[in-house]
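Working notes, beginning with the structure itself.
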Amino acid sequence: MAINRQQLYEKCLVKVNEQIEKYNEKLISLKESLDSIDRHNDYDEEGKLLGEYEQISNYLDVAQKRKKLLSTIDRTKYTESIQLGSVVETKTNYYFIAAALGEIGMDDGSTVYTMSTEAPIYQKLAGKKKGDTFTMKDEEIEIIDVR
């Protein structure tokens, strides 16, 4: 079964946009909470909220970088060797080398695991071609196709 690259890309984009929206909403809520604190009487609460605000800001930054990375992928370009933008098929899984977004459920019921080029498994896949193998958890896995 072949994975529809355009559909996969769109699902990734939806997922990252949902993350961005969630983080933006949380930051708005935190800012409102910070604005309502009586700073003279509640230093502890202000410190907790500021820490959470910074953490969510970092998450938002990562999500925005993922979206930017997705935008650089040429969805019409197919290569023989695994690189950024490749969809890799093995007997048990599909992988999309893009942004680290985890599992993406496809309309046909299949699941694609999205990963960045910084993922340890990508280091085992980089440059490999259809028919090559890699080892994961002491198991030899054959690459069935690269799209």
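No experiment lies behind these values; they were computed from the predicted model shown.
- Under the 4.5 Å side-chain heavy-atom criterion for grouping Ile, Leu, Val, Met, Phe, Trp and Tyr, Leu30 is not connected to Val62 through any hydrophobic cluster.
- Residues Ser81 and Gly127 approach most closely at CB-O, 3.5 Å, considering heavy atoms.
- For Lys15, there are no salt bridge (charged side-chain N to carboxylate O under 4.0 Å, His left out) partners two or more places apart in sequence or in a different chain.
- Taking Asn4 as the reference, nothing meets the side chain to side chain donor-acceptor pair (under 3.5 Å) condition, with sequence neighbours excluded.
- Put simply, the side chain of Ile82 does not reach to within 4.5 Å of the side chain of Asp132, judged on heavy atoms.
- No continuous path of ILVMFWY side-chain contacts below 4.5 Å connects Val14 to Tyr59, so the two sit in separate hydrophobic clusters.
- Between Val16 and Ala63 the shortest heavy-atom distance is CG2-O, 3.3 Å.
- Checked against side chain to side chain donor-acceptor pair (under 3.5 Å), Glu10 has the following partners two or more places apart in sequence or in another chain: Gln6.
- In this model, no donor atom of one side chain and acceptor atom of the other lie less than 3.5 Å apart for Tyr23 and Gln19.
- Criterion: ILVMFWY side-chain heavy atoms under 4.5 Å apart, direct or through other members. Under it, Ile73 and Tyr94 are part of a common hydrophobic cluster.
- Enclosure of atom CD in Glu140 by more than 12 non-hydrogen atoms of other residues, nucleotides or ligands within 6.0 angstrom is indicated.
- The heavy-atom pair separating Ile121 from Met115 by the smallest distance is CG2-SD, 3.2 Å.
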Criterion side chain to side chain contact (heavy atoms under 4.5 Å, CB included) on Leu34 and Glu46, from CA distance to verdict: CA-CA 6 Å; Leu34 279 166; Glu46 180 182 17; 4.1 Å; yes

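- Under the 4.5 Å side-chain criterion, counting only non-hydrogen atoms from C-beta, Lys129 is not in contact with Ile143.
- Lys91 contributes atom NZ, which lies 6.5 Å from atom CD1 of Ile144 (distance to the nearest 0.5 angstrom).
- Screening residues 61-73 for salt bridge (charged side-chain N to carboxylate O under 4.0 Å, His left out), with sequence neighbours left out, gives Asp61-Lys65.
- For the side chain to side chain contact (heavy atoms under 4.5 Å, CB included) criterion with Phe96, the lone passing option out of Ile3, Val87, Leu101 is Val87.
- Between atom CG of residue Asn17 and atom CD of residue Gln64 there is a gap of 10.5 Å, rounded to the nearest 0.5 Å.
- The two atoms that bring Ile37 and Glu45 nearest to each other are CD1-CG, 3.8 Å, heavy atoms only.
- To the nearest 0.5 Å, atom OG1 of residue Thr114 and atom NZ of residue Lys11 are 13.0 Å apart.
- Checked against side chain to side chain donor-acceptor pair (under 3.5 Å), Tyr95 has the following partners two or more places apart in sequence or in another chain: Asn93.
- Side-chain contact between Phe134 and Val88: absent, with no pair of heavy atoms (C-beta onward) separated by less than 4.5 Å.
- When the side chain to side chain donor-acceptor pair (under 3.5 Å) test is applied to Thr72, no partner is found at least two apart in sequence or on another chain.
- For the 3.5 Å distance criterion, the side chains of Thr111 and Glu103 fail to qualify, holding no donor opposite an acceptor.
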Assess whether side chain to side chain contact (heavy atoms under 4.5 Å, CB included) is satisfied between Gln83 and Ile97, documenting all intermediate values. CA-CA 7 Å; Gln83 60 186 348; Ile97 314 303; over 6 Å; no

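- For the atom pair CD of Glu25 and CG of Leu27, the computed distance is 10.5 Å after rounding to the nearest 0.5 Å.
- Residues Tyr9 and Tyr113 do not share a hydrophobic cluster, defined by chaining ILVMFWY side chains whose heavy atoms lie under 4.5 Å apart.
- To the nearest 0.5 Å, the span separating OG1 on Thr90 from CD1 on Ile141 amounts to 6.0 Å.
- Closest non-hydrogen pair, Ala98 versus Leu69, comes out as O-CD2, 3.1 Å.
- What you find for Arg5 and Arg75 is that their closest heavy atoms are NE-O, 3.3 Å.
- We find the OG-CD distance between Ser29 and Glu52 to be 8.5 Å, quoted to the nearest 0.5 Å.
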